[in-house]
Amino acid sequence: MKLMFLMVAVAMAISVAAQPQSITATVDVSKTGEPINPYVYGQFIEHLGNVINGTFWAEMLDDRKFYNPIVARVPAPATTQAARGRGRLRTWNPIGAAQAVTMDSDHAYTGTHSPLVKLDGDGEHGIKQEGIAVRKGKIYSGHIVLAGEGATVVVSLIWGANAEDRQTVQITKLAGAYAEFPLNFTAGADSEDARLEIAGTGTGWFRIGVVSLMPADNVRGFRPEVIDALKQLHSGVYRFPGGNYISNYEWRDAIGERDKRPPTWDHAWNVLQPNDVGLDEFMVLFELLGVDPYISVNAGFGDAYSAAQLVEYANGAASTPMGQLRATNGHPQPYGIKLWGIGNEMYGDWQLGVMPLNQYEIKHNLFAEAMRRVDPTIRLIASGAMPDEMTVTLQGKRIDGKVLTEILSPADWTGGLLSHCLDNIDMVSEHAYCTSGQGFDLASGKYVDVDETLAEWVRRPANRVRAKYEAYEEYLNRIPALRAKPVTISLDEYSYRRAVPMTYKPAMAYAAQFHEMFRHTEVFKMGAFTFASSCLSANRTQMSLNPVGLVFKLYRDHFGVLPVEVGGNSPQPAPRYPVGGDQPKVNAGGDTYPLDVSAALSSDRKSVTLAVINPTESAQSLTVSFKGMEISGKAHLWRMAPSSLDASNVIGQEPGVHIEDQQVEGDPGRLTIAPISVNIYEFQAK
């Protein structure tokens, strides 16, 4: 099977020999494409496990609403990783005799039950949670909801082994009805394994409704260091809240008074969700980041009526039923959300609520019609999957028995939607995950290890973009109505699996994906990288941009907005593998192999930017000429050129990757491109 993925040595030698000694690029500024939509730089976030609750949201306690029963168990270990949340959820454990703590279903504050602690006058009884990260001198605030009789409750934040390594809040005035009490602590030392104890003494009882603890410097519930880092990306748009999660998400569980929102079980990822971060919180986050929302609705286990109600909650006037509910929840003005996705990966047998394509086409139309009755101005994004995705996920084979999905065959999910739902689609969602070191083998119908150069590794994700462009061109030829009503593509999930996300190497691949989308801006109008949190280097209390985040920042800050044609003297090599799946008919990249060169004018057309990726471990010479514009003076350069593919930015260490800012010395038309570098040159017009 592997033979299909191995290049014959003679062919490789011929390819190397054919590569010119000096690569030339011709930039024709008179030939422009459609403007680059800033949404192309968008991000995706999902309630996958603890991604949002443990990375974006400032809450420090897990299971703060007590979904799980409290029994004696081994506490989850402290962890320093936070890029995808705090990792394994921490548990509550009894203080004192375990049998003193039971779960009371008759007097639940929220959800199905609340902890009931019975006191016997013999020592402390209560609960504790360990593995909390605190920093010396930092203030932590929150609250606890309690009911009780004959009990004195002490809530303590403990950061060390000594008696003085704690701060306490004593609560004595408990009643039979639940009441809220404030909590405020100042940590006396740094700790990765602090704990919160809720302990009572006396001869009565107390119930715990909910408890919350956040750093006092949180920004409307979000971690300020996350906001500061992600604001630098100017991402344009964020897609939320899923992802596979969306197919069992009940949006109404995540609105209203936060403490009263019931915790629920996420059957997509088999993890607890507290529902603290719902639509209203997401809108706060997007306001803080300066991005537009792109909301997915539940087309898995969900229904069209609920989706339409969500549109009304978001966009309806306060006089409508759902708009009035939004106003009651503290948001009187409509959000005016325009981008709405119907479902997520509904082609996949892993998706909750999966159904045959002909049935899903009906479902999509029902959703679209119901949602547009509420707000006719919204733009609808369909849950698509072109032949490349249907092939590499084997979902096409599930439908028609063939590994290779053919265009407009019964297994072509996007083709079916475009053929039968076109009036109800404005954009189509496409996903493209690649696996480091592997390619999809059409003969065996599975991913196999491949022996590839760095240039090929970097190009692999861009090839998925190219494959979708080629399929779209076929749709235009074979679906006449599509020319009259163009539907553009949102690449709203993509990443490189098995590539270490904190290192520099995958950043080059994502830059190459940008370039391929820039070449076809008439088709690619939006993107959403998986995940925004994957752009962060983090521990549990600090955040900064990692190399992937820096490549997003580099292009968003410095690349132009109006793409122009780039020619060259070094075409891409012919495909090594049979066409289909993750191999397009023509390899991604322009005629400047092994370099990948893209160019764009500034919005005022007074300068042109040249983005150059060098996916080789040697310097490359590039000669650049311009048509339609006379260049003046020296070029300016912003670049990422670390010493190693494994370079990373780790909190507390000297960054291994940064964006250099310099003037280009010498002839601006003759450039030396550093090894393993991503470069953006700016040339001013005379």
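What you are looking at is a predicted structure, and each value in this text was computed from that prediction instead of being measured. Heavy atoms only: backbone and side chains are in, while hydrogens, waters and symmetry mates are out.
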- Under the 3.5 angstrom rule, does the side chain of Asp582 hit a backbone N or O of Phe440 as a donor-acceptor pair? yes

- Item | Non-hydrogen atoms of Pro547 and Val657 that approach each other most closely | CG-CG2, 3.7 Å

- Message: Taking Gly243's backbone N and O only, do any of them form a donor-acceptor pair with Asn344's side chain (distance below 3.5 Å, no angle check)?
- Response: yes

- Take the angle between the ring planes of Phe514 and Phe518 and call it parallel below 30°, perpendicular above 60°, tilted in between. parallel

- Judged by atom type as modelled, is there a donor-acceptor pair below 3.5 Å linking the side chain of Asn569 to the main-chain atoms of Ser22? yes

- Item | Pairing of Glu430 and Arg464 as salt bridge, 4.0 angstrom limit | no

- Main-chain N/O of Gln438 paired to Asp449 side chain as donor or acceptor, under 3.5 Å: no

- Is the centre of the Phe240 ring less than 6.0 Å from the centre of the Phe286 ring? yes

- Side-chain touch Phe282/Tyr238, heavy atoms, less than 4.5 angstrom: no

- Is there a donor-acceptor contact under 3.5 Å linking the side chains of Tyr433 and Thr530? yes

- How many angstroms lie between CE in Met640 and CG in Leu554, if you round to the nearest 0.5 Å? 6.5 Å

- Message: Side chains of Gln542 and Glu225, heavy atoms from C-beta outward: is any pair under 4.5 Å?
- Response: no

- Query: For the side chain of Thr24 and the backbone of Thr623, is there at least one donor-acceptor N/O pair under 3.5 Å apart?
  - Reply: no

- Compare every heavy atom of Gly568 with every heavy atom of Thr592, then report the nearest pair and how far apart it is. CG2-CA, 4.3 Å

- Quick one: does Pro584's side chain get under 4.5 Å of Asn463's, heavy atoms only? yes

- Tell me, do Ile651 and Ser544 make a side-chain contact under 4.5 Å, heavy atoms counted? yes

- Student check: side-chain heavy atoms of Gln583 and Leu442 closer than 4.5 Å: no

- Task: Side-chain contact test, heavy atoms from C-beta onward, threshold under 4.5 Å: evaluate it for Val51 versus Glu46 and give yes or no.
- Result: no

- Message: Heavy-atom count check: over 12 atoms from other residues, nucleotides or ligands less than 6.0 Å from Lys485 NZ?
- Response: yes

- Evaluate the side-chain proximity of Glu389 to Thr414: yes if any heavy-atom separation is below 4.5 Å, no if none is. no

- Do Thr32 side-chain atoms and Leu562 backbone N/O form a donor-acceptor pair below 3.5 Å? no

Taking only distance into account, with no hydrogens and no angle test, what donor-acceptor pairs under 3.5 Å do side-chain atoms of residues 674-686 form with protein atoms, sequence neighbours excluded?
residue	atom	partner	partner atom	Å
Ser677	OG	Ala674	O	2.6
Ser677	OG	Asn679	ND2	2.9
Asn679	ND2	Val612	O	3.0
Glu682	OE1	Gln684	NE2	3.3
Lys686	NZ	Glu630	OE2	3.1

- Does Glu470 come within less than 4.0 Å of Lys585, counting only side-chain N to carboxylate O? no

- Okay, side chain of Asp190, backbone of Arg135: is any donor-acceptor separation there less than 3.5 Å? no

- Salt-bridge present (Glu452, Arg576; N to O < 4.0 Å): no

- Query: Between Asp217 and Lys138, does at least one N-O distance fall below 4.0 Å, as a salt bridge requires?
  - Reply: yes

- Task: Please determine if Glu34 and Lys525 form a salt bridge, counting it only when a charged side-chain N lies under 4.0 Å from a carboxylate O.
- Result: yes

- Message: Using only atom types and a distance under 3.5 Å, with no angle test, would you say the side chain of Arg379 pairs donor to acceptor with the backbone of Met427?
- Response: no

- Message: Let me confirm one number: the CG-CG distance from Asp228 to Leu289, rounded to the nearest 0.5 Å.
- Response: 10.0 Å

- Task: Measure across Pro461 and Cys434 and return the closest heavy-atom pair with its distance rounded to 0.1 Å.
- Result: CA-SG, 3.6 Å

- Report yes if the side chains of Pro293 and Trp340 come closer than 4.5 Å at any heavy-atom pair, otherwise no. no

- Task: Determine, stepwise, if the pair Tyr494 / Phe44 fulfils side-chain contact (heavy atoms from CB on, under 4.5 Å).
- Result: CA-CA 9 Å; Tyr494 65 98; Phe44 166 47; over 6 Å; no

- Any donor-acceptor N/O pair, Ser648 side chain to Met502 backbone, under 3.5 Å: no

- Task: For the pair Asn218 (side chain) and Ala58 (backbone), establish whether a donor and an acceptor sit closer than 3.5 Å, ignoring hydrogens and angles.
- Result: no

